[in-house]
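In the text below, chain A, chain B and the rest are named by the order of the sequence lines, each starting its count at 1. Quantities reported herein were computed from a predicted structural model and do not represent experimental measurements.
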Protein chains: 2
Amino acid sequence: MARRPRTRPTLEEVAALAGVGRGTASRVINGGAKVSDRARQAVEDAIAELGYVPNAAARALVTRRTDAVALVIAESEERVFGEPFFAGIVRGIGAALASADRQLVLILADARRRGSLEHYLTRQHVDGVLLLSLHGDDTLPDRIRGHGLPVVVGGRASAGVRTGFVDVDNVQGAGLAVAHLADRGRTRIATIAGPADMVAGSSRFEGYVEGLTAADRPFDERLVVRGDFSQDSGARAMRTLLQREPAVDGVFCANDLMAVGALQTLREAGRRVPEDVAVVGFEDAPVARSSVPPLTTVHQSPGAMGREMVALLLETMATGDMTLPGRMLPTRLVVRQSS
Amino acid sequence: MARRPRTRPTLEEVAALAGVGRGTASRVINGGAKVSDRARQAVEDAIAELGYVPNAAARALVTRRTDAVALVIAESEERVFGEPFFAGIVRGIGAALASADRQLVLILADARRRGSLEHYLTRQHVDGVLLLSLHGDDTLPDRIRGHGLPVVVGGRASAGVRTGFVDVDNVQGAGLAVAHLADRGRTRIATIAGPADMVAGSSRFEGYVEGLTAADRPFDERLVVRGDFSQDSGARAMRTLLQREPAVDGVFCANDLMAVGALQTLREAGRRVPEDVAVVGFEDAPVARSSVPPLTTVHQSPGAMGREMVALLLETMATGDMTLPGRMLPTRLVVRQSS
DNA sequence: AGTAGGCGTGGGAACGCTCCCACATTGGTG
DNA sequence: CACCAATGTGGGAGCGTTCCCACGCCTACT
């Protein structure tokens with residue numbers, strides 16, 4: 001093993017050993033323009049011999065950049081590590097940042113740790129911030145932007161926001177689902193909607209309404225029940241629907257978990273899926289594959305979302321324009337056996 | 001919102017506004033010893049007015065510390081976000097670091113991204129490194145230590161390592177399990193062991209042997225089958241055991257997943273659990289609660305492991321002693337219905 | 001009354017780097 | 001043969017902190 005130097009070698013020492021000036025050594029390490037081969041070789045040898053590693057703090061101090069980007073996930077550890085959605089998004093972000101030569105710094109910040117998080121971010125540890133899954137009314141993105149840090153939010157915080165976010169096109173996806181149900185000849189198409197105060201809830205409902213109109217189906221208020229995205233609430237909502245309108249023959253659920261709940265109720269009620277009632281979910285979560293029957297659902301790609309977030313952030317950082325418009329990602333329908 | 005300053009305020013500007021010297025302002029922000037109330041108040045007002053945030057790079061440059069610790073998880077995103085074990089460990093680490101006023105920087109590094117990871121770590125971005133779940137023969141910890149960075153590994157890389165790690169006391173835990181089976185009057189106690197080249201595999205087997213000796217039960221080679229920690233391998237191993245020794249009445253499995261596989265085989269073979277055969281697992285994974293019947297298992301606490309890792313790392317950082325002995329965490333038996 | 005000690009303070013120096021300007025040294029041109 | 005441009009180079013300045021030394025002032029001793 002190499003001897004542990006009491007103090008880490010500096011650029012000056014590298015330059016001295018290589019017999020060149022500090023400037024030349026710096027040029028070799030960075031851009032590398034306009035350096036003679038002789039000098040370059042000497043510097044590279046010296047770096048190898050001393051085991052030199054540039055000091056990030058010193059560099060950041062003068063360049064005012066760190067080449068690192070924070071991914072802040074404002075959720076409890078349990079949820080983060082529970083939902084496969086996060087794995088995909090993190091994978092997409094990681095890959096995109098790696099090919100842009102940026103380091104990913106993942107920060108988990110549940111509510112309790114908010115204060116220290118904000119401090120950390122504004123201290124110029126990172127050049128930009130990706131924010132995931134914050135709860136509706138959070139002002140965190142604006143506060144961070146207030147400190148001059150570019151921010152991109154995954155999923156819109158609320159429907160009004162028009163800048164600096166990447167989200168799945170929920171309206172389009174829900175429309176796809178309804179069009180598909182209509183296509184299958186369903187005439188009484190119900191929805192189990194999500195909470196109205198969440199963007200995913202309200203805009204998927206919006207897409208449902210638009211889809212009905214486009215397919216020339218009437219909108220019937222009795223065919224709308226709201227759940228809270230949990231499996232239980234889906235099961236309950238389905239019971240309500242069957243009671244209100246026994247002739248229901250198609251259901252669009254705002255997420256897969258509620259759809260699984262609905263399937264369960266339908267099975268208990270003796271309705272065949274998809275013969276009697278066709279069911280479509282949203283998300284294409286792993287459970288959609290393993291449910292009985294496997295679920296037709298609107299596919300959203302977390303990987304693509306991660307990559308888009310990075311692209312938007314890099315663009316914001318490059319242009320300095322904090323008001324870049326948000327981006328909507330298209331979805332597609334995955335037809336399985338439930339419809 | 002506050003006006004966005006073209007350039008962020010510096011300590012010097014704060015000091016000027018407060019009508020004090022740079023030194024005094026610095027003293028207010030840090031330790032705060034020996035500052036008059038008048039000066040302190042003036043500086044604090046100035047900080048608030050300017051929205052001053054200390055520049056981390058500048059501070060790190062002179063103090064040679066960043067007050068940040070990296071948690072490197074050397075696994076694919078899928079596994080990290082799939083295993084509940086990680087959630088617990090990250091939670092423990094997060095809490096421990098927060099109360100020590102250190103920032104947690106989570107870095108996911110699958111094999112492909114190794115190079116840039118090592119660079120990042122040695123560039124003085126963090127003061128110490130916590131390493132999780134690296135594969136057996138990895139030399140990463142030593143290479144990082146070679147750069148003068150303290151490292152603590154979660155789970156021993158291999159049985160020979162005696163420093164800088166925190167691990168569950170597998171030997172003790174396995175002993176507990178066997179003692180329990182003996183206590184239940186089982187006389188033919190078999191084991192479904194893990195791979196011999198993994199620490200968790202070999203040391204749990206070691207504990208099994210010790211447990212037999214302590215309980216005055218003979219060691220019988222025919223009662224040992226190795227699996228690979230998967231449910232399938234557990235099911236297969238159990239079939240082998242039943243075939244070799246139909247009178248087997250107790251089984252210690254090196255992890256819960258294999259235990260679940262064993263339960264499955266036993267059910268198919270018409271053996272009652274626990275009446276005919278008692279089964280004990282290791283890990284206390286969530287599946288242990290939901291299996292049929294619920295699994296008696298050796299509980300290990302990922303939260304405690306995380307906290308211990310942080311404690312050991314902080315101690316290493318404080319003393320500068322990179323050869324602190326590793327720590328073994330005790331386990332306890334959780335008795336459910338499978339024994 | 002004179003002095004020793006403490007407390008609070010200001011500001012120079014240093015941390016290790018990049019930026020940039022000025023200075024060779026070359027080769028080619030009028 | 002003088003001149004200029006291009007090329008490569010060295011090193012000063014400065015990034016925003018903390019550390020530390022030296023200085024003034026006040027209090028409380030001898």
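Side-chain atoms of D45(B) and Q41(B) form a donor-acceptor pair, as typed in the model, at a separation below 3.5 Å.
Atom P of nucleotide dC15(D) and atom CD of Q124(A) are separated by 13 Å, given to the nearest angstrom. The separation between R64(B) atom CZ and dG16(D) atom C1' is 16 Å, rounded to whole Å. For L11(A) and dC15(C), the CG to P distance is 14 Å, given to the nearest whole Å. Between the P atom of dC15(C) and the CZ atom of R8(A) lies a distance of 15 Å, rounded to the nearest Å. Atom pair R123(A):CZ and dC15(D):P shows a separation of 21 Å (rounding to whole Å applied). Residue E13(B) contributes atom CD, which lies 11 Å from atom P of dC15(D) at whole-angstrom precision. Atom CZ of R65(A) and atom C1' of dC15(D) are 15 Å apart (whole Å). The distance between atom CG of D67(B) and atom P of dT17(D), rounded to the nearest whole Å, is 15 Å.
The nucleotide whose nearest atom lies closest to any side-chain atom of L61(B) is, among dG16(C), dG8(D), dT18(C), dG16(C). Distances from the side chain of T10(B) to the nucleotides dT18(C), dT9(D), dT17(D) place dT17(D) closest. Here the nucleotide nearest the side chain of A39(A), chosen from dT18(D), dT9(D), dC17(C), is dT9(D).
Between N30(A) and the phosphate of dT18(C), there is a side-chain N or O to OP1/OP2 separation shorter than 4.0 Å. Contact check, S26(A) against dT18(C): a side-chain N or O comes under 4.0 Å of OP1 or OP2. OP1 and OP2 of dT18(D) both lie 4.0 Å or more from every side-chain N or O belonging to T63(B). Put simply, S36(B) has a side-chain N or O that comes within less than 4.0 Å of OP1 or OP2 on dT9(C).
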Give each protein N/O atom lying under 3.5 Å from an N/O atom of nucleotides 10-12 of chain D, with the pair distance.
{"residue": "dG10(D)", "atom": "OP2", "partner": "G21(A)", "partner atom": "N", "Å": "2.6"}
{"residue": "dG10(D)", "atom": "OP2", "partner": "T24(A)", "partner atom": "OG1", "Å": "2.8"}
{"residue": "dG10(D)", "atom": "N7", "partner": "R27(A)", "partner atom": "NH2", "Å": "3.4"}
{"residue": "dG10(D)", "atom": "O6", "partner": "R27(A)", "partner atom": "NH2", "Å": "3.0"}
{"residue": "dG12(D)", "atom": "N7", "partner": "R22(A)", "partner atom": "NH2", "Å": "3.2"}
{"residue": "dG12(D)", "atom": "O6", "partner": "R22(A)", "partner atom": "NH1", "Å": "2.9"}

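Within the 4.5 Å cutoff, the side chain of I73(B) has no heavy atoms near those of the L131(B) side chain. Here the side chains of E44(A) and V28(A) are in contact, with some heavy-atom distance below 4.5 Å. Using a 4.5 Å heavy-atom cutoff, the side chains of L104(A) and I107(B) are not in contact. Taking the side chain as every heavy atom from C-beta outward, V14(B) and R22(B) never approach each other to under 4.5 Å.
The salt bridge (charged side-chain N to carboxylate O under 4.0 Å, His left out) pairs that include a residue from residues 310-325 of chain A are E315(A)-R327(A), where partners are two or more places apart or lie in different chains.
Distance check, rounded to the nearest 0.5 Å: CG of L17(A) to CD of E49(A) gives 5.0 Å.
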